[in-house]
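Right, one structure below, let's go through it.
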4 protein chains.
Amino acid sequence: MARGVNKVILIGNLGKDPEVRYFPSGDAVANATIATTETWKDKQSGEQKEATEWHNVVFPGKLGEIAGKYLKKGSKVYVEGSLRTRSYDKDGQKRYVTEIRVQDMQMLDGKPGGGSASMGEERGSYSAPSPSRSSAPARSAAPAPAADAPFEDDDIPF
Amino acid sequence: MARGVNKVILIGNLGKDPEVRYFPSGDAVANATIATTETWKDKQSGEQKEATEWHNVVFPGKLGEIAGKYLKKGSKVYVEGSLRTRSYDKDGQKRYVTEIRVQDMQMLDGKPGGGSASMGEERGSYSAPSPSRSSAPARSAAPAPAADAPFEDDDIPF
Amino acid sequence: MARGVNKVILIGNLGKDPEVRYFPSGDAVANATIATTETWKDKQSGEQKEATEWHNVVFPGKLGEIAGKYLKKGSKVYVEGSLRTRSYDKDGQKRYVTEIRVQDMQMLDGKPGGGSASMGEERGSYSAPSPSRSSAPARSAAPAPAADAPFEDDDIPF
Amino acid sequence: MARGVNKVILIGNLGKDPEVRYFPSGDAVANATIATTETWKDKQSGEQKEATEWHNVVFPGKLGEIAGKYLKKGSKVYVEGSLRTRSYDKDGQKRYVTEIRVQDMQMLDGKPGGGSASMGEERGSYSAPSPSRSSAPARSAAPAPAADAPFEDDDIPF
DNA sequence: TTTT
DNA sequence: TTTT
């Protein structure tokens, strides 16, 4: 259940291959960045301008496995998810990072997986179990603490 | 024009009264925070849990004026907008904050404005000009540098 | 799984009390209509105009029970769902009706249920199981044939 | 302005080339159909099932011109718009058809326009003027009556 | 810091 | 760091 709505919809390209990690439980989680670009004409100079926004996305569980298998740098994807701002500690100071926890994903490339991958049953799109129904908090989709973890999550109450 | 989609939809309550500031041009901008709450039942203990997410929202231009006039702490609102991560400098270090630039807003309280405000033409809902059509970048919706600004924006290329 | 995205988001008011019916299996389904209104200023005459759109919404399963219990004529709701156009027969002719199958619902009234209803665990909001994961087609959310059914569904391949 | 929210988001493929028509004013409008497909596993038989939903979409104005130029049968697109149910008369009987009036569009094919079309400034994506701000009703986006019009719109109060 |  |  939710009080309120917290929904994000993105279509963009991956900035790098997804990084897949695993929880001790065996559950996967993949991290990636997605670029969306706005272009506009400057009212003063009349020149074409553009700005690219980079989004941190987290694919929990089975979605993480699929992302790791079929998405790569440059892949065009649709993702639907929710915003979550996590705090972590850096040099004794609290920092924040805002991520999109993905709940639904669609691959939009003409030839996903390089074009020759066979179309498995779970390929191409996948929806996470509805967070509202899950007995486990969607919150647990956060990256597992790992040696190469970008953030020290130890003191975050996942 | 945009390459990609960058869309956020929120329904939640304001954590405090919006703060309205003005650009030298006279354009308004309002900042607020919106809370959305997820609840779930812990699979281990079976107890009810909940987590609240706080979103930084920016109402540019006319939307900022309306937000300043009609929204207040506790107001329930629908907002639609796009994600933007801004960087700012703190103690010589680069920090980031992710905001939702609002493009559409709906007041969801039964009696907005306390119940006695007359229903002006611009009240209750408002859509920003489509960013894609605007000759000015939606980017200029960022908070104007001000004495009490939470972030030092001076070196950010708005 | 889905190939493509089929998503509808509405905020509006119910035109009448939801009609709850039951499948032989015991599963509930509720039907309702939701109004959304657009207003604009006529470019010629300068007068304020408005047009109301009526949406047929279908609340399957547990959502149907909740809708039947807590929503009534005039209730303000947020619904998220997907479009489905059903065909039915009238006087030997094929007719079509487009409905929104609700997957997520939020009550937006200040005092839902009239203000005195006790806050049950399932009240206020509910998400349907993710259709993509369900072993049963979301398609089965269609209204059960009934004596007072508005449409003769018998020859529709649900 | 709007009271309520009426939003549709689709990703799918065009069932046929868009049909472009023109109002006496010179404004264009394009009609197309978009397919979205759901697949699921039948709980009884265990077999894979699928159902395709067809959506009637209307691209008003400049979007209609772009759709006519760059979209064709099979094109994959993202559209965002709003629902509108129109009535028309057939054999003296009132019929209804539900359409999606497109306000934002993104072409998702790897090589739009066949791959050799030069990238004009207005290509690839386009947002309609925000309906809420427009002095002209978005309503006027309805297909112009024409000799080959699928519906007799003459008695519909556009 | 909101809300139910 | 992506993409057009």
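Keep in mind it's a predicted model, so treat the numbers as computed, not measured. Reminder, nothing fancy here: chain letters follow the sequence lines and each chain counts from 1.
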In whole angstrom, give the distance that lies between atom [atom1] of [X] and atom [atom2] of [N].
| X | N | atom1 | atom2 | value |
| --- | --- | --- | --- | --- |
| B/Gln48 | E/dT3 | CD | P | 20 Å |
| B/Trp54 | E/dT3 | CH2 | P | 8 Å |
| B/Asp17 | E/dT3 | CG | C1' | 15 Å |
| A/Asn13 | F/dT2 | CG | C1' | 5 Å |
| A/Glu50 | F/dT2 | CD | P | 13 Å |
| B/Trp40 | E/dT4 | CH2 | P | 20 Å |
| D/Tyr78 | F/dT3 | OH | P | 21 Å |
| C/Asp109 | E/dT4 | CG | P | 12 Å |

Among E/dT1, F/dT1, F/dT2, find the nucleotide with the atom closest to the side chain of A/Lys16.
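Among the listed nucleotides, the one closest to the side chain of A/Lys16 is F/dT1.
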Nucleotide nearest A/Arg3 (side chain, heavy atoms from C-beta), chosen from E/dT3, E/dT1, F/dT3:
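Comparing E/dT3, E/dT1, F/dT3 against the side chain of A/Arg3, the answer is E/dT3.
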Considering all heavy atoms, the nearest C/Pro18-C/Ala67 contact
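Nearest pair, atom of C/Pro18 first, then C/Ala67: CG-O, 3.5 Å.
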How close do A/Ile34 and A/Val77 get, counting heavy atoms only, and between which atoms?
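So the minimum-distance heavy-atom pair works out to CD1-CG2, 3.6 Å.
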With a non-hydrogen cut-off below 4.0 angstrom, is B/Gly12 in contact with a base, only sugar-phosphate, or nothing?
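Counting heavy atoms under 4.0 Å across all strands, no contact is made by B/Gly12.
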hbond_proxy B/Thr52 side chain to E/dT2 base (donor-acceptor, 3.5 Å cutoff):
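Such a pair exists between side chain and base.
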Residues forming a side-chain contact (heavy atoms from CB on, under 4.5 Å) with D/Asn13, sequence neighbours excluded:
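In terms of side-chain contact (heavy atoms from CB on, under 4.5 Å), with neighbours along the sequence ignored, D/Asn13 is linked to D/Lys76.
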Checking A/Lys16 now: which residues fulfil side-chain contact (heavy atoms from CB on, under 4.5 Å) with it, not counting sequence neighbours?
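Checked A/Lys16 against side-chain contact (heavy atoms from CB on, under 4.5 Å); matches are A/Glu19, A/Thr33.
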